There are 2 protein chains.
Amino acid sequence: MAKPVPTITTIAEAAGVSIASVSRVFNGQPVRDSTRRRVLAEAERLGYVPNAVARSLKSNRTDQVAFAVEDIGNPVYLAMLREIQPVLRADGFRLVVHSTGGDPGEEIEVLRGLGRRHADGLVISPIRVTPDLLGALAQAAAPVVVIGSVPPGTPVDNVRADSRTGVRLALRHLLDIGRRRIGFVNGPLDTVPGERRDAAFRDGMAEAGRPVDEGLVHVGGFRRETGAEGARRLLAHPHGPPDALLCANDLIALGALDTLRAAGLRVPDDVAVVGMDDTELAAVSWPTLTSVCLGSAERGRRAAGLLLDRLRGAPPAAPAAGSARTVTVAPRLVVRASTTGGDQ
Amino acid sequence: MAKPVPTITTIAEAAGVSIASVSRVFNGQPVRDSTRRRVLAEAERLGYVPNAVARSLKSNRTDQVAFAVEDIGNPVYLAMLREIQPVLRADGFRLVVHSTGGDPGEEIEVLRGLGRRHADGLVISPIRVTPDLLGALAQAAAPVVVIGSVPPGTPVDNVRADSRTGVRLALRHLLDIGRRRIGFVNGPLDTVPGERRDAAFRDGMAEAGRPVDEGLVHVGGFRRETGAEGARRLLAHPHGPPDALLCANDLIALGALDTLRAAGLRVPDDVAVVGMDDTELAAVSWPTLTSVCLGSAERGRRAAGLLLDRLRGAPPAAPAAGSARTVTVAPRLVVRASTTGGDQ
DNA sequence: ATGAGAACTGTAAACGTTTACAGTGGGGGG
DNA sequence: CCCCCCACTGTAAACGTTTACAGTTCTCAT
């Protein structure tokens, strides 16, 4: 009852040709028509399927690309995944997904995996950029594209959002609709996005000539509870609640909406709320959420494109010194009811 | 400037031992301590990393598992993915994700991939079960677990939801809160979930002794627009709008909420709304959405478990005739504001 | 019919491992 | 002091392909 899996040799014998001919048939190389037919017939009859592993061993390609993020459930990373997958697939690559939980150790492990030849390339969006990670990036055994920011000089292609402009867009919008006391609820400052958004908020306020009231700044996680909790704290401000809330992502904004609603404050009449990332949640919440679109989908698409360039180009996998490319995706403010209250 | 990637042979020469010893060092087999140290030192120095492809060729394992769904962006599948990944990872498997767009051809292609040895196993959630697909399932070259229903006798482990009970829970709840004219907005009838939910709705109504008014049944896609459009049609019913709406998934329900709000109807006072799948959207919408949890997360977890059983067990990969296991996950009604209006 | 050349085919080596089997050497019991 | 056994190590074959090279068979012009 042992059913031996047929190999190229099995087929060669059955068809009375050499293994080279069988190989050629399956690689579309020139073969006499009668030979091809015989081989295909036997392959069909015996249920032969070429072994991709053996092929990889010779060709040194796996036709796989890895995608590593903190949590694939995060709508931002999901949006990237949805764009990356079809682009790679069109070029015949399969996608291996790694949810690292944000652990730099695991991220480095994934980078190592490139050396093991698990994948031909990697798109990674590290949430914390440690020196170890940078070291591993520099020595990666296959092309890597980073979604996010890396220090200048890092020899790696990268696609970044422009938080600074994004925050500025949001602040300008809030000022435009007449808000003056603007609160800010952010995620952890030791993450790249957290740190960026903090700096951008302060710069943006300075640009607008508004002092930052530390009593109106709250820092927590990029989670809904942080929004709820931050809003509670800001509402208790001695000078009364702020008239606008800038939240470092949509989840935080949703949490803030919960608190505001519970406190009986009207959005946007009493407090305008702006989120960031423009995830699908923004369109679903009530009121619908004005949000800064940082272009996750586009970042995913661009990253996949950059990676494919390297993958298609001959071996010079790692960017030759100085040839690392940086793409910056422009942010866009998507105005909804939580700041204008009109249409819903 | 060619930097030859070191192989087991390179290390063997550098350390003055045989390749067998190097191999043993990296596989934790008994080796004299001094040997081990020398090998590890050279490996470190030369940056040797074992080649997983070559290893796979010998061992006939890839340490990869594939997960194939229609659209990985769908919250239901995403919930599965989030559970599957850590379970498999704990056993050392990487996850290859396939978004098939619901094309049976692509699904069959993924099944074929098992024969090519792309992966050691597969979790698949086909949205349409065609005869071809069943054939491919029966002949899969590696263990497969189906999330969803397959005809009895199909030699494949599967994990299914219990739509019937789920719908019954929803109907009973709606009846309990005094609703009598219950509308139903469903997805395509030629998909497994669509067909199941339709049957369940009709059975459930029959059980409750309520006739089904076809004017209160709408069929479209599993999309938000279908909900909006279905609600519009049902509102125009000659006897007036229904007092409750059962929607075949949360997206449909959200669309319905949009329409109801636009029409000035109050939810749940005028119309109660129930969704299905209990995705994160349900908790975010306004009013928050009562939804039938069909246990996607648990289905994912169970599926991963079943697959691991097969993967760990010796070669009898395919279930021996009749040993296919079926797990049914119990549904649960999550009551929120869209039917009780209380807490929000 | 013959030869040149094209078109195809076969042989064998290589890809980087794992592992059965056959050494090799040293330590301890007799 | 010898021998046996054990622990370790080395040799070589195998995994299933691709491909350089050499060999074979055609085709066609002469």
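A, B, ... follow the sequence lines: proteins, then strands. Residue 1 opens every chain. Everything numeric here is computed off the predicted structure, so don't read it as measured data.
- Heavy-atom neighbours of B/R89 CZ from other residues, nucleotides or ligands within 6.0 Å: at or below the threshold of 12.
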Sort me out a list of protein N/O and nucleotides 14-16 of chain D N/O pairs below 3.5 Å, or just none if empty.
| unit_1 | atom_1 | unit_2 | atom_2 | d |
| --- | --- | --- | --- | --- |
| D/dA14 | N3 | B/K58 | NZ | 3.1 |

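- Taking atom CZ on A/R24 and atom P on D/dT19, their separation rounds to 10 Å, with Å as the unit.
- Looking at every heavy atom in both residues, A/T7 comes nearest to A/Y48 through C-CE1, 3.5 Å.
- Between B/S23 and the phosphate of C/dT18, there is a side-chain N or O to OP1/OP2 separation shorter than 4.0 Å.
- The phosphate of D/dT9 has OP1 or OP2 within less than 4.0 Å of a side-chain N or O from B/T35.
- Separating the CD1 atom of A/I11 from the P atom of C/dT9 is a distance of 17 Å, rounded to the nearest angstrom.
- Using a cutoff of 4.0 Å between basic side-chain nitrogens and carboxylate oxygens, A/D91 and A/R312 are scored as salt-bridged.
- Nucleic acid contact class of A/V17 (heavy atoms, under 4.0 Å, all strands): sugar-phosphate only.
- Counting any heavy atom pair closer than 4.0 Å across all strands shown, A/V31 reaches sugar-phosphate atoms only and no base atom.
- A salt bridge links A/D309 to A/R325: one of the charged nitrogens lies within less than 4.0 Å of a carboxylate oxygen.
- Mapped onto DNA chain D by nearest heavy atom, B/S34 and A/R32 fall at different nucleotides, with B/S34 at the one closer to the 5' end.
- For D/dG10, one of the phosphate oxygens OP1 or OP2 lies less than 4.0 angstrom from a side-chain nitrogen or oxygen of B/S21.
- When rounded to the nearest whole Å, the span between CG of A/D33 and P of C/dC8 equals 9 Å.
- Contact between the side-chain N/O atoms of A/S59 and the OP1/OP2 oxygens of D/dT18 is not found at any separation under 4.0 Å.
- As judged by a 4.0 angstrom heavy-atom cut-off over every strand, B/N27 is placed among residues touching the sugar-phosphate backbone only.
- Taking every heavy atom of both residues into account, A/V25 and A/L40 meet most closely at CG1-CD2, 3.8 Å.
- Of the charged side-chain nitrogens involved, at least one lies within less than 4.0 Å of a carboxylate oxygen, so that A/E42 and A/R45 count as a salt-bridged pair.
- Each of A/V22 and B/R38 has a nearest nucleotide on DNA chain D; the 5'-most of these lies closest to B/R38.
- Taking atom CD1 of residue A/I19 and atom P of nucleotide D/dA20, one finds them 15 Å apart after rounding to whole Å.
- For the pair A/Q29 CD and D/dC21 P, the interatomic distance rounds to 15 Å; values are reported in whole Å.
- The backbone N or O of A/R128 lies less than 3.5 Å from no partner atom in the side chain of A/T191, so there is not a single donor-acceptor pair.
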